[in-house]
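The next block holds one structure in the form of C-alpha cells; read it before the comments.
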Number of protein chains: 4
Amino acid sequence: MAQLRADARRNRERILAAAEEVFAERGASASTEEVAARAGVAIGTVFRHFPTKDDLLAAIFKALLARLVSEAGELAGSGDPKTALFAFFTRVVEAAAARRTVAELLTGGGADLRLGGALRALDEPLGTLLRRAQEAGAVREDVRLEEVRALLAAASQAALLAGWTPELQDRTLEIIFRGCRP
Amino acid sequence: MAQLRADARRNRERILAAAEEVFAERGASASTEEVAARAGVAIGTVFRHFPTKDDLLAAIFKALLARLVSEAGELAGSGDPKTALFAFFTRVVEAAAARRTVAELLTGGGADLRLGGALRALDEPLGTLLRRAQEAGAVREDVRLEEVRALLAAASQAALLAGWTPELQDRTLEIIFRGCRP
Amino acid sequence: MAQLRADARRNRERILAAAEEVFAERGASASTEEVAARAGVAIGTVFRHFPTKDDLLAAIFKALLARLVSEAGELAGSGDPKTALFAFFTRVVEAAAARRTVAELLTGGGADLRLGGALRALDEPLGTLLRRAQEAGAVREDVRLEEVRALLAAASQAALLAGWTPELQDRTLEIIFRGCRP
Amino acid sequence: MAQLRADARRNRERILAAAEEVFAERGASASTEEVAARAGVAIGTVFRHFPTKDDLLAAIFKALLARLVSEAGELAGSGDPKTALFAFFTRVVEAAAARRTVAELLTGGGADLRLGGALRALDEPLGTLLRRAQEAGAVREDVRLEEVRALLAAASQAALLAGWTPELQDRTLEIIFRGCRP
DNA sequence: CATGAATGAGCCTTCATTCAT
DNA sequence: GATGAATGAAGGCTCATTCAT
C-alpha cells in the first residue's frame, strides 16, 4: 500500500467511495458487482485491491470508525463537557439514519473488526466524553461505558426502522439522555 | 391444518422447531436446507408444509408475535400497572438475547408481517401497558407509543451484541426506564 | 382390471375423466397432482391405477384414439363417400381446437402409443374413408394415406394456434381439401 | 455485444450453437444445464451471456426468425413470383424437419417473441411473396396471409412426425400447394 | 384399496472468487 | 495493474414417484 501507482491509488479510492455508497444504501449484503459498476471499474480490480468482500467491508468500516473516533475526539477536546457526549450520540444516530453501514458497524458488521476488536478504538474517546460529562455533573456516576456503547448501537439500529423521523429520533434520544442524567 | 395426519403434524412441528433454532442462531438468512437437515427431513417436506421460505419465516414470526402479544396481554390484565410495562420490555429483550428472530421480528423481518402490518398487533397491548403506567404515574405523560416501540426494537437489537450479559442488560434497560419515569 | 372392486372402477373412471379435462386444457405437461385434485382423489390413487404418468397419458390417448377410430368407422359405414373423409378431417380438427390432447395424440404424444404404433389403429378406417372418396371421384388417385395422416396431424396442431377461429379453420381446411380433389 | 473479448465471443457462439442443437433435439424444455455441458462451459457462463433461460431461447428464436425473414426477402426480391412462395414454404418445412425449434417458433415458442409479436416480422416478406404469387396467377385470389401462416406452422409441426421423409414431404406439400393454386 | 405425506433428483438463478487476456 | 469472462457452489423451488398409515 506504500508504493502504489497513481492510478492504482485513484482506483482504490473510487472503489471505497462507491462501496460506501452502495453498502450505505443496500447494506452489507449488496453485491460486489454493483460496487464495481458504481466505481466504474471492473470487478477484478475490486478484488485486486480487496482480496475478499470482507476485506472491502472491513476497509469501509475502518474508515467509518476512524471518522467517528475523530469526531468524538474533537468534541472531547473542544466541546462543552455537559453536552458533548449527547451531541456525539446524536451525530452517530443521525449518520446511521442516513447510512445502513453505521448501524452495521456498531452492531459488529465486519467480522474482522469484531474479531480484531478494532471497534474498541471508539472506546477511548467515548470514554473520555463520558468521564467529562460525569465530572461536569451532566451524567450520573453509575453510568458506565458499556451501557453507553450498547445504547449507541441500539439507537443506531432503531434509526433504520420504517417510521423513523427526525421528530421520533428527538423524542427517543431524549428518553435515553434523560435516563443518563442525574 | 385441523385434521393433519399424526406423522404430518409431527413433521410440521419438527420443522418449525428446527427452523426456530436455525433462524434463532443464524438469522432469517439461514438456508432452508439447513432447516430441513436439522429437522431430519427431506427438503421437499419443508416446502410441502411451507410453500415458500417466506411462509416458513412468517409462521415463525407469527408464533413469536402471538407469544409476545399474549404475554403483554397477561401483564396488562394482571400485573402491577407501575411495573408491567417495564417487565414486558425486559422479557422481550431477554427473549431477543436468546433468539435473533425476536429482534428481526421487531425490526420488520417477515415480509408478510411487515406488509400486512401484523406487527401492529403488538401495539394494542403495548399501548395499554403504556397508558396504565402513565395513569399510575410510573411513566411521563409525554412518552408516546412510538418511542416505546422504537426503544423496544433498539434494545432487542442491542441484546444481540457481542458482550451482552444479564448484568449489562439490567444497567442498559435501567437507563431507558429511568428516562421514561417522571 | 377384470375383477375390480366397484369403488376402484369408479375411481379409475373419475381419474380418467379428470385427466382428460386437465390435459385438454394444460397439455400433457400438466401436473399429476392437478389431475388427482380435479378427480377428487388422493395422488396415490392415481398412481395405483396408473403406475406412471406416461401410463395415464397413454390411457387417455388410447381412449381418444378409440373414439376417433369409431367416429371414422361410422362415417365410413354410413356417410356419403364423397364427403365422409373431409367431414372426419374437420371433426378431428374441431376436436383438436377444443382439446390440446388431440393434437398431441396425432403428433405422437404418448410414448407408449408411438412405440407400440397403436396410433396405426386409425389407419384402417382412415384408409377406408380415403379409398371410398377416391372411388367416388372426390379425391385424386395419387393421394395416399400417409399424406392424409400427416395433414391431419398438421391441421390439428394448427388448431392450437393463437389466432385460430372457425372462419380461419374453414379457409385453411378448404385449401387442404381442394388440394386433395381431382 | 460489439466489443466482446475474443474468448467471450467464442463462448457465446459455442453456447448458441450448443443451445440450437439441444433445443433442436429436445425442444425448448431441454435444460440449460445440458446446453452448458454440450457447450463445454460452466453453467454460470451460460447465464452470464443469457441472464435467463428465456433470453437464451429468445436469442435462438430471433436468429432463426431473422434467417427465415431474410430468406423470404431474397426469394421475394429475386425469385420467380410463380414459385417463390412455394419455394419458401418448402424451405421452412425442411428446416423444421431438421430442428424442432423452427416448428416451436412458428407455433409461438419464445415468450418474448410471441408477446413482442416479433414473429409478425415474417408477415411482411410472406405477404409480399403471397401477393406476387397471386399477381402472377400462381395462387388463388381468395387465399389470405392468415391461412398461409397457419399452413406453414402446421406443415412445420408435421415435419416433426415420426415417419417424415423427403418423399412424404413432397407429396404433402404438393397437396397444400395444389389447394392454393387457381 | 385409498390416502396424502415424504422423498430427492433436477431446474433456474445468483454471486463471490479466480484467472486468462 | 486492469479487465471482465469463467467458474461452480449454493439457494429456492417443483414434481413424479414411493410408502407408511
Side-chain angles (χ1 to χ4, degrees), chain A residues 4-12 29-37 41-54 56, chain B residues 3-12 15 29-34 36 39-56, chain C residues 4-12 29-37 40-56, chain D residues 3-12 15 29-34 36 39-56:
Chain A
L4 282 184
R5 253 164 53 178
D7 58 341
R9 180 151 57 243
R10 207 160 39 242
N11 269 343
R12 187 175 207 280
S29 72
S31 92
T32 312
E33 203 114 20
E34 185 170 349
V35 171
V41 299
I43 183 79
T45 306
V46 175
F47 276 90
R48 164 168 284 272
H49 286 283
F50 306 93
T52 278
K53 189 187 176 181
D54 270 8
L56 177 54
Chain B
Q3 239 55 28
L4 281 184
R5 246 164 55 179
D7 56 342
R9 178 149 60 244
R10 203 161 41 244
N11 268 341
R12 187 174 207 278
I15 291 169
S29 71
S31 94
T32 310
E33 206 112 21
E34 184 169 351
V41 153
I43 185 72
T45 305
V46 176
F47 279 95
R48 161 173 277 268
H49 287 282
F50 306 94
T52 279
K53 189 188 176 182
D54 270 10
D55 290 333
L56 178 53
Chain C
L4 280 185
R5 254 165 49 177
D7 58 341
R9 178 150 60 244
R10 207 160 37 242
N11 271 341
R12 190 176 203 279
S29 71
S31 91
T32 312
E33 202 113 21
E34 185 169 351
V35 172
V41 298
I43 183 79
T45 306
V46 176
F47 276 90
R48 164 168 285 272
H49 286 282
F50 307 94
T52 277
K53 189 185 175 181
D54 270 7
D55 292 331
L56 177 54
Chain D
Q3 238 54 31
L4 280 185
R5 245 163 58 177
D7 57 343
R9 176 149 62 242
R10 202 160 42 241
N11 269 341
R12 187 176 207 280
I15 291 169
S29 72
S31 95
T32 311
E33 207 114 18
E34 184 170 350
V41 152
I43 185 72
T45 305
V46 176
F47 278 93
R48 161 171 279 268
H49 286 281
F50 307 94
T52 279
K53 190 189 174 179
D54 270 10
D55 290 332
L56 178 53

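Chain A is the first sequence line, chain B the second, and so forth, proteins listed ahead of strands; every chain is numbered from 1.
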Handout entry: Separation of D/E34 CD from D/I43 CD1 (nearest 0.5 Å)
Key = 11.0 Å
Problem - Whole-Å distance separating the CG atom of C/D55 from the P atom of F/dA16 - result: 14 Å
Practice task
Consider the side chain of D/S31, meaning its heavy atoms from C-beta on, and name the nucleotide among E/dC12, F/dG8, E/dA2 that approaches it most closely.
Solution key: E/dC12
Exercise for the section: With DNA chain E as reference, determine whether C/G40 or B/A42 sits nearer its 5' end, using the nearest nucleotide of each. Expected result: C/G40
Completion exercise
Interatomic distance, NE2@C/H49 vs CG@C/N11, rounded to 0.5 Å, equals 5.0 Å
Practice task
Measure across D/A39 and D/I15 and return the closest heavy-atom pair with its distance rounded to 0.1 Å.
Solution key: CB-CA, 4.0 Å
Handout entry: Atom pair CZ/CG of B/R12 and B/D7 - distance to nearest 0.5 Å
Key = 14.0 Å
Handout entry: Heavy-atom donor-acceptor pair, C/D55 side chain to C/T52 backbone, under 3.5 Å
Key = yes
Handout entry: Separation of A/T32 OG1 from A/K53 NZ (nearest 0.5 Å)
Key = 5.0 Å
Any protein N or O atoms within reach of nucleotides 17-21 of chain E? Criterion: under 3.5 Å, listing atom names and distances.
from	atom 1	to	atom 2	distance (Å)
E/dT17	OP2	A/K53	N	2.9

Handout entry: Nucleotide E/dT14, atom P - distance to NE2 of D/H49 in whole Å
Key = 16 Å
Practice task
Would you mind telling me which residue lines up with the more 5' stretch of DNA chain F, A/V41 or B/S29, judged by nearest nucleotide?
Solution key: A/V41
Exercise for the section: Between E/dG8, E/dG4, F/dA2, spot the one nearest the side chain of A/A8, thanks. Expected result: F/dA2
Problem - Worked check of side chain to side chain contact (heavy atoms under 4.5 Å, CB included) between A/L56 and A/F47 - result: CA-CA 9 Å; A/L56 177 54; A/F47 276 90; over 6 Å; no
Practice task
For DNA chain E, produce a single dot-bracket line, 5' to 3'. Pairs: Watson-Crick or G-U wobble, both distances under 3.5 Å. Symbols: ( ) within strand, [ ] crossing, | other strand, . unpaired.
Solution key: .||||||||||||||||||||
Exercise for the section: Take atom CG of C/N11 and atom C1' of E/dG4, then tell me their distance rounded to the nearest Å. Expected result: 14 Å
Exercise for the section: Find the distance B/F50:CZ to F/dT14:P and express it as a whole number of Å. Expected result: 15 Å
Practice task
Pick base, sugar-phosphate or nothing for B/T45, based on heavy-atom distances below 4.0 Å to the nucleic acid.
Solution key: base
